[in-house]
**Q** 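Pasting a structure here, questions to come.
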Amino acid sequence: MKPLSQPLFDVFALSLPRGHGFGNCPPKFAWASNDELACGVITQDVRHHRFGILVMRRREDYVWTVICKQDGFGEFEEAYTAMQSSMKEGAPPEPIPANSVRRTQLWDVDSRKPCTLFKLLTQKTHRVAGWMLNQLYLALPSPDKNWVSDFQTSNFHTRMWEVQLLACFREQGMLVTQPQRSPDFYIENLNGDEAWIEAVTANPTARYDHVNAEPIVPPKDLHERVLGAAAVRFAKTLRSKLQRNYHLLPHVVGKPFALAIADFHAPSSMVWSREALISYLYGIYSEAVDVNGRQVITGRKVSHLFGESQFPSGLFRRDESTHVSAVIFTNACSIAKFNRVGISAGALVNDFRYIRVGQFFDRTPGALRGIPFSMDITSDQYRSLWPQNYEPWSAELEVFHNPIAQYPLSRSLLPEATHWFEVDDEIVCASHYEVSILWSKTQVQPSSDNFDE
């Protein structure tokens with residue numbers, strides 16, 4: 001056996017039904033077998049300090065399966081011996097259980113023509129993201145039979161968003177299952193709070209090559225930026241999902257239901273479109289005004305979005321939306337995100353440097369803009385932004401709560417996200433992480449050792 005680093009075990013633990021949710025028995029030490037077909041962890045109960053073990057092994061299709069879970073060891077050495085024996089060093093992979101579907105390998109393109117985004121994962125600059133995406137695909141409880149073909153071709157972004165959500169949910173210790181064809185996920189915490197989540201992406205009206213597309217310049221006019229094409233695209237996308245009446249499905253009736261949306265409607269639009277989503281959901285946008293010679297932020301109510309469609313704004317103001325508990329969003333659903341999590345956690349990338357540039361959210365009352373930053377994601381400065389000492393999956397995750405929801409989404413379901421909710425007619429937020437990033441881009445540069453090659 002060989003020691004397994006905490007960040008790498010954290011990745012493998014995302015295959016557990018509750019992910020990082022170990023309750024009163026957190027992991028203390030982890031190991032991997034030399035053949036890399038098994039990993040084991042020793043846990044310790046915080047109440048009576050007795051030890052436990054959990055051992056996972058790879059199946060024939062590389063999916064992790066738990067083969068041993070025991071508690072009640074009085075001595076560390078006793079637990080260690082039991083764990084080592086259960087890892088079955090040198091044994092073949094575990095058989096696929098009867099009535100279980102063999103997982104198609106993510107890299108098997110068969111006769112399909114892969115999209116440029118999929119091919120990008122084969123390049124050295126993105127090999128960490130490719131490995132991470134594969135681990136999360138293998139962690140999905142029950143992916144659609146066409147999941148791999150979608151990911152390799154025309155629905156790359158949709159499938160990437162699904163596995164990012166899985167990572168966010170299980171990182172926060174949620175039980176995540178896929179017991180029905182739709183909605184996509186059922187999540188539950190140890191307190192019994194629950195919700196159904198449907199993933200959706202805002203896509204372009206005309207397809208474009210995401211790899212080679214030039215980033216568009218966001219509209220300079222504030223009203224066009226927050227009420228224009230981006231807001232309309234969000235509105236149409238969410239309306240399309242709401243028309244499917246997920247809340248009337250027998251397994252969803254009487255339970256919180258949320259839509260999780262990521263934006264790909266235009267090149268690099270996720271960098272600036274967040275405000276448009278907020279304006280559409282709450283029917284309000286922020287504007288800087290002059291008060292006694294000083295600029296302050298004020299909220300402006302608006303009834304309709306720009307454009308010929310005259311979409312009504314304020315989804316969370318209309319009675320027909322009471323069955324939507326919340327809308328979940330991130331401005332960081334990207335291949336770069338999968339690279340950053342792995343690299344900041346310690347994956348070796350000696351040939352390249354990965355620089356993240358953007359703006360931190362400025363929590364100073366009345367602040368008009370973010371705080372610029374530029375950091376190497378392998379630096380101690382960057383890693384120390386988060387208590388995990390690497391970039392968490394949930395760092396940019398935001399939950400916008402519907403103030404008139406019939407079945408509100410409990411904030412304890414996603415405790416490490418940033419939550420937006422209404423208090424006394426004012427929209428306020430509560431953040432888990434001290435640092436919040438408004439927007440960012442990740443630049444890949446040759447390392448100094450290879451710069452002259």
Side-chain angles (χ1 to χ4, degrees), residues 11 14 103-140 143-168 184 199-216 230 233-234 237 260-273 329-344 347 349 351-352 354-358 377 391 393 396-397 439-445:
V11 175
L14 294 173
R103 198 69 58 98
T104 303
Q105 296 308 296
L106 194 60
W107 304 111
D108 183 7
V109 297
D110 196 18
S111 59
R112 293 179 287 272
K113 182 180 180 180
C115 65
T116 53
L117 284 163
F118 179 84
K119 290 190 286 189
L120 186 65
L121 300 176
T122 66
Q123 298 184 11
K124 291 178 66 176
T125 51
H126 294 80
R127 64 180 183 268
V128 173
W131 181 86
M132 192 71 77
L133 280 158
N134 187 45
Q135 298 306 307
L136 292 173
Y137 157 65
L138 294 171
L140 282 168
D144 295 342
K145 62 181 181 179
N146 60 335
W147 202 99
V148 169
S149 60
D150 282 353
F151 180 76
Q152 294 169 345
T153 56
S154 58
N155 285 321
F156 180 96
H157 285 129
T158 300
R159 299 310 190 180
M160 180 172 67
W161 179 219
E162 288 175 8
V163 295
Q164 186 166 337
L165 284 169
L166 174 75
C168 288
D184 292 307
V200 60
T201 53
N203 300 315
T205 53
R207 291 187 179 275
Y208 63 89
D209 186 342
H210 290 265
V211 174
N212 299 310
E214 285 290 328
I216 65 168
R233 176 48 49 191
F234 281 130
T237 301
I261 189 167
D263 178 31
F264 303 99
H265 87 275
S268 297
S269 59
M270 72 175 69
V271 172
W272 55 267
S273 64
F329 175 75
T330 183
N331 63 4
C333 181
S334 64
I335 293 176
K337 174 69 178 183
F338 290 82
N339 256 341
R340 291 198 308 269
V341 174
I343 294 170
S344 66
V349 284
D351 296 338
F352 303 96
Y354 295 78
I355 309 299
R356 190 178 187 185
V357 297
I377 66 172
E391 181 178 335
W393 292 104
E396 302 88 2
L397 196 69
W439 64 267
S440 75
K441 295 182 179 181
T442 304
Q443 302 170 350
V444 184
Q445 304 172 354

**Q** Please check: side-chain N/O of Gln135 versus main-chain N/O of Leu14, any donor-acceptor pairing under 3.5 Å?
**A** no

**Q** To the closest 0.5 Å, what do you measure between CG (Leu120) and CD1 (Ile335)?
**A** 4.5 Å

**Q** Please test Arg340 against Tyr354 for side chain to side chain contact (heavy atoms under 4.5 Å, CB included), starting from the C-alpha separation and ending with a verdict.
**A** CA-CA 8 Å; Arg340 291 198 308 269; Tyr354 295 78; 5.9 Å; no

**Q** Are Glu162 and Leu136 close enough that some pair of their side-chain heavy atoms sits under 4.5 Å apart?
**A** no

**Q** Restricting to non-hydrogen atoms, name the atom on Arg112 and the atom on Pro114 that form the minimum distance, rounded to 0.1 Å.
**A** O-CD, 3.3 Å

**Q** Please check this pair: side chain of Gln152 against backbone of Asp108, looking for a donor-acceptor N/O pair closer than 3.5 Å.
**A** yes

**Q** Checking His126 against Phe338 for the side chain to side chain contact (heavy atoms under 4.5 Å, CB included) test, could you report, in this order, the C-alpha distance in whole Å, the side-chain angles of both residues, the deciding distance, and whether it holds?
**A** CA-CA 9 Å; His126 294 80; Phe338 290 82; over 6 Å; no

**Q** Got Trp147 and Leu106 here, is their nearest side-chain heavy-atom distance under 4.5 Å?
**A** yes

**Q** Which pair of heavy atoms, one from Trp393 and one from Cys168, lies closest together, and at what distance?
**A** O-SG, 3.4 Å

**Q** Of all the heavy-atom pairs spanning Gln164 and Ala332, show the shortest one and how long it is.
**A** NE2-O, 3.3 Å

**Q** Do you know the tightest heavy-atom contact between Arg103 and Leu140?
**A** NH2-O, 3.1 Å

**Q** For Trp161 and Ala260, work out which heavy atoms get closest and say how close.
**A** NE1-O, 2.9 Å

**Q** Just by modelled atom types, is the Val163 backbone N or O under 3.5 Å from a matching donor or acceptor in the Tyr137 side chain?
**A** no

**Q** What's the spacing between Leu397 CG and Phe329 CZ if we round to 0.5 Å?
**A** 10.0 Å

**Q** With heavy-atom distances below 4.5 Å as the criterion, would you say the side chains of Ser154 and Arg207 are in contact?
**A** yes

**Q** In Å and rounded to the nearest 0.5 Å, what is the CZ to CG distance from Phe151 to Leu117?
**A** 9.0 Å

**Q** Supply the atom-to-atom distance Asn155 CG to Asn146 CG, rounded to the nearest 0.5 angstrom.
**A** 8.0 Å

**Q** To the closest 0.5 Å, what do you measure between NZ (Lys337) and CE (Met160)?
**A** 12.0 Å

**Q** Say whether, by atom type as modelled, one donor and one acceptor occur between the side chain of Trp107 and the main chain of Asn134 under 3.5 angstrom.
**A** no

**Q** Taking the side chain as C-beta and beyond, is there a heavy-atom pair between Ile216 and Trp272 under 4.5 Å?
**A** yes

**Q** Assess whether side chain to side chain contact (heavy atoms under 4.5 Å, CB included) is satisfied between Asn339 and Phe352, documenting all intermediate values.
**A** CA-CA 12 Å; Asn339 256 341; Phe352 303 96; over 6 Å; no

**Q** Does this structure show an ion pair linking Arg159 with Asp144, if we count only N-O contacts that are shorter than 4.0 Å?
**A** yes

**Q** Can you tell me how far CD1 of Ile343 sits from CD of Glu391, rounded to the nearest 0.5 angstrom?
**A** 10.0 Å

**Q** Which word best sums up how the rings of Phe264 and His157 line up, parallel for under 30°, tilted for 30 to 60°, or perpendicular for over 60°?
**A** parallel

**Q** Test your reading of the model: is there a side-chain donor-acceptor pair from Thr201 to the backbone of Asn203, 3.5 Å cut-off?
**A** no

**Q** With side chain to side chain contact (heavy atoms under 4.5 Å, CB included) as the test, would you mind laying out the steps for Val148 and Gln105 before giving the verdict?
**A** CA-CA 8 Å; Val148 169; Gln105 296 308 296; over 6 Å; no

**Q** Closest approach of Val211 and Asp209, non-hydrogen atoms and distance?
**A** N-OD1, 3.0 Å

